[in-house]
Amino acid sequence: QAQLVETGGGLVQPGGSLRLSCAASGNIVSTYIFGWYRQAPGKQRELVANIAPNGFLNYADSVKGRFTISTDNARSTIYLQMNSLKPEDTAVYYCNAKKLSPFTSSWGQGTQVTVSS
């Protein structure tokens, strides 16, 4: 089971940048798929980006070319670098760690990102 703590949220102007961090702990965190999700008011939670143990990356079409997901060498911290931010990026961002077989999933508490002038 992974335990996750998110930091880095805040208020930023349109066109600005922000980096979110997720500290992961657990005996076998290196085997998890890590991801960032977000949920805006009145909308469903959606996948932003994820990264597999083998380094495979996946991004939502809405953030391709603007956001980058990465981890440190030990896969103990997961980052989401967000550039060229837009007001529609405003949401609560959640860090997730999951395994597919058997299925397990852990979530952080979420961090608020607000893009506004």
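Since this is a predicted model, take the numbers as computed values, not measurements. Basis for what follows: all heavy atoms, side chains included, without hydrogens, waters or symmetry-related copies.
- Screening residues 65-80 for salt bridge (Lys or Arg N to Asp or Glu O under 4.0 Å), with sequence neighbours left out, gives R66-D89.
- Among residues two or more places apart in sequence or in another chain, the side-chain hydrogen bond (donor to acceptor under 3.5 Å, both in side chains) test is passed with N83 by S17, Q81.
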Could you go through L85 and F67, starting from their C-alpha distance and side-chain angles, then the distance that decides it, and tell me whether this counts as side chain to side chain contact (heavy atoms under 4.5 Å, CB included)?
CA-CA 9 Å; L85 283 162; F67 291 10; 3.8 Å; yes
Given side chain to side chain contact (heavy atoms under 4.5 Å, CB included), test L4 with Y94 step by step and report yes or no.
CA-CA 10 Å; L4 309 171; Y94 298 91; over 6 Å; no
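- Considering only residues two or more places apart in sequence or on other chains, S21 meets the side-chain hydrogen bond (donor to acceptor under 3.5 Å, both in side chains) condition with none of them.
- Judged as a side-chain contact (heavy atoms from CB on, under 4.5 Å), and not counting sequence neighbours, the contacts of N54 are A52, F56.
- Legend: disulfide bond (SG atoms under 2.5 Å apart) pairs involving residues 55-103, not counting sequence neighbours, sorted by first then second residue: C22-C95.
- Taking CD1 of I51 as the reference point, atom CG of L57 lies at 5.0 Å (rounded to 0.5 Å).
- For the side-chain hydrogen bond (donor to acceptor under 3.5 Å, both in side chains) test, no residue two or more places apart in sequence or in another chain qualifies with T68.
- For Q3, the side-chain contact (heavy atoms from CB on, under 4.5 Å) partners two or more places apart in sequence, or in a different chain, are S25.
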Table please: side-chain donor-acceptor pairs of residues 104-111 below 3.5 Å, with sequence neighbours left out.
| unit_1 | atom_1 | unit_2 | atom_2 | d |
| --- | --- | --- | --- | --- |
| S105 | OG | N96 | ND2 | 2.9 |
| S106 | OG | A2 | O | 3.1 |
| T111 | OG1 | G9 | N | 3.2 |

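- Pairing each heavy atom of N50 with each of I69, the nearest pair is CA-CD1, 3.7 Å.
- Listed by first then second residue, pairs satisfying side chain to side chain donor-acceptor pair (under 3.5 Å) with a partner in residues 39-49 read R38-E46, not counting sequence neighbours.
- Partners of S70 under the side-chain contact (heavy atoms from CB on, under 4.5 Å) rule, at least two apart in sequence or in another chain, are Y79.
- Between K98 and Y37, the shortest heavy-atom distance links the atoms NZ-OH, 3.9 Å.
- Residues satisfying the side-chain contact (heavy atoms from CB on, under 4.5 Å) test with V113, not counting sequence neighbours, are L18, L20, M82, Y93, V115.
- Y59 contributes no side-chain N or O that, together with a main-chain N or O of G65, makes up a donor-acceptor pair within less than 3.5 Å.
- Residues forming a side-chain hydrogen bond (donor to acceptor under 3.5 Å, both in side chains) with N73 (at least two apart in sequence, or on another chain): none.
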